[in-house]
There are 2 protein chains.
Amino acid sequence: MSRPRSYDEPSVLSGAMQAFRRDGYRGVSIRDLEDATGLKAGSIYNSFGDKAGLFDAAFEHYNKVVLGGRVDRFAPAAAGISGLRDLFISLMHEPNGESHGCLITNSAIELDRDEQTYRHVCTGMDILFEVFLNRLAAAQQDGSLRAGTDPVLAATKLLALYQGLLVLVRAGRDTQALERLVAAEFHELETYHDARPAQQDIQA
Amino acid sequence: MSRPRSYDEPSVLSGAMQAFRRDGYRGVSIRDLEDATGLKAGSIYNSFGDKAGLFDAAFEHYNKVVLGGRVDRFAPAAAGISGLRDLFISLMHEPNGESHGCLITNSAIELDRDEQTYRHVCTGMDILFEVFLNRLAAAQQDGSLRAGTDPVLAATKLLALYQGLLVLVRAGRDTQALERLVAAEFHELETYHDARPAQQDIQA
DNA sequence: GTCATTCTAAAATGCACATTCAAAAACAGA
DNA sequence: TCTGTTTTTGAATGTGCATTTTAGAATGAC
């Protein structure tokens with residue numbers, strides 16, 4: 001018994017999300033959000049309360065759909081440590097030059113820690129940490145984790161590496177070097193190897 | 001043959017820098033900068049051209065004085081890898097709760113890559129990378145680097161870790177866990193050790 | 001002391017922004 | 001078809017911002 005909304009919520013959230021990822025919360029105006037969502041300012045306020053409300057909804061959407069989707073696609077439980085590596089490598093392959101940016105990393109820096117919305121930052125990091133820890137612990141069980149590796153420590157390391165990579169990618173650092181780094185780090189996690197260096201390294 | 005400036009340039013830059021570190025470029029208004037520097041808006045414009053000009057000068061000051069000072073204090077060439085570790089540990093000990101933030105990391109995220117000022121981000125990262133690489137290469141020479149470690153790869157890893165830690169610190173993550181991570185990473189770099197796990201780990 | 005020059009102070013300008021308002025339009029139920 | 005409710009729209013509002021301007025104060029050179 002009332003006029004129904006004429007827009008598609010997921011696509012509105014997706015548009016807003018993209019704008020926020022690219023330009024940050026402060027860098028996006030209501031005007032920009034009109035273009036990004038297709039909604040007029042009035043409708044935005046009617047539907048989401050205010051700019052912060054839309055940001056909040058977009059962030060929730062990001063954690064659920066984008067982050068969750070990436071995990072499901074690249075690093076499902078069955079994919080083990082190798083799936084985690086794929087997830088990391090994908091960070092260096094954002095669609096052509098179009099650096100979307102990670103809403104978690106970017107908001108961790110931009111937002112004030114005692115804002116309401118900051119909880120999404122913490123949630124996102126918790127999700128990542130738990131996925132890392134879960135896969136590493138499972139790998140430890142089935143023997144595919146290098147012996148002697150502490151899963152909690154390794155998960156912490158992966159979380160830091162993840163955030164750091166996103167900063168460096170956004171800064172335009174050489175992505176090939178970063179890919180080599182990821183390859184090396186996961187090689188260290190996955191395979192059993194002692195530290196005895198190759199002969200030429202000893203003699204050099 | 002003219003009126004001299006009545007302010008102390010380093011302290012003006014230091015004040016502005018602190019404001020920008022805490023709240024970001026967009027988060028600081030000219031009004032805020034008046035308080036942070038002690039200068040009136042007119043003087044700021046007279047001396048630095050505009051807000052971006054002051055930011056530029058403050059960023060240069062950051063790279064030279066703050067970043068350079070930290071390297072000299074914690075990780076001079078003589079301190080080797082151990083000095084690098086001290087530098088990293090210091091990231092988790094910013095003055096009481098007062099998270100100043102790193103202007104390089106924060107600006108890498110907030111600024112647009114094709115702005116003039118972004119060069120300071122690149123310069124800062126280059127400085128860090130070169131310091132890391134230099135200390136690691138020296139350690140390789142004198143045998144204090146774990147055999148088989150590639151200095152370039154390790155320096156890349158440290159750069160990513162450095163940026164990632166700053167993101168996580170700003171996000172309010174448990175700093176003790178992060179310190180354990182740093183300790184473990186540097187342990188891996190410094191000491192010779194094979195990967196043979198302790199007995200209890202094999203049997204578990 | 002006077003002059004030229006540069007700095008400071010304070011108000012003024014104009015713009016972009018987030019937000020609100022009021023009117024019109026679109027639907028659901030009767 | 002009529003009614004009530006909600007969405008949409010486009011204009012209006014007011015605030016905060018970066019920046020400019022203007023007038024006055026301070027200094028060095030002579």
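Not measured: the values here are computed from a predicted model. Labels below follow one simple rule: chain letters A, B, ... track the order of the sequence lines, proteins then strands, and each chain is numbered from 1. All values below come from the heavy atoms of this structure, side chains included, with hydrogens, waters and symmetry mates left out.
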*side-chain contact (heavy atoms from CB on, under 4.5 Å) partners of A108(A), counting only residues at least two apart*: Y118(A), V121(A), M125(A), V167(B), A171(B)

*Within 45° of the six-membered ring axis of Y25(B) and under 6.0 Å from that ring's centre, is NZ or CZ of K51(B) located there?*
yes

*Could you state the NZ-P distance from K40(A) to dG10(D), rounded to the nearest angstrom?*
5 Å

_Nearest-angstrom distance from the residue atom CZ of F48(B) to P of dA18(D)_ = 16 Å

*Looking at every strand, decide which applies to S29(A) at a 4.0 Å heavy-atom threshold: base, sugar-phosphate, or nothing.*
sugar-phosphate

*Can you name the side-chain contact (heavy atoms from CB on, under 4.5 Å) partners of A77(B), sequence neighbours left out?*
R135(B)

*Grab the NZ-P distance between K51(A) and dA16(C) for me, whole Å please.*
15 Å

*Just how far, in rounded Å, is P of dA18(C) from OH of Y45(A)?*
6 Å

*Atom CZ of R26(B) and atom P of dA18(C): how far apart are they, to the nearest Å?*
11 Å

*Atom CZ of R31(A) to atom C1' of dA16(C): distance rounded to whole Å?*
12 Å

*Whole-Å distance between dA22(C) P and N46(A) CG?*
15 Å

*asked:* Is S43(B) close enough to dT8(C) that one of its side-chain N or O atoms is under 4.0 Å from OP1 or OP2 there?
replied: yes

*Find the distance I30(B):CD1 to dA9(C):P and express it as a whole number of Å.*
15 Å

*Verify the ring-centre separation between F129(B) and Y162(B): is it less than 6.0 angstrom?*
no

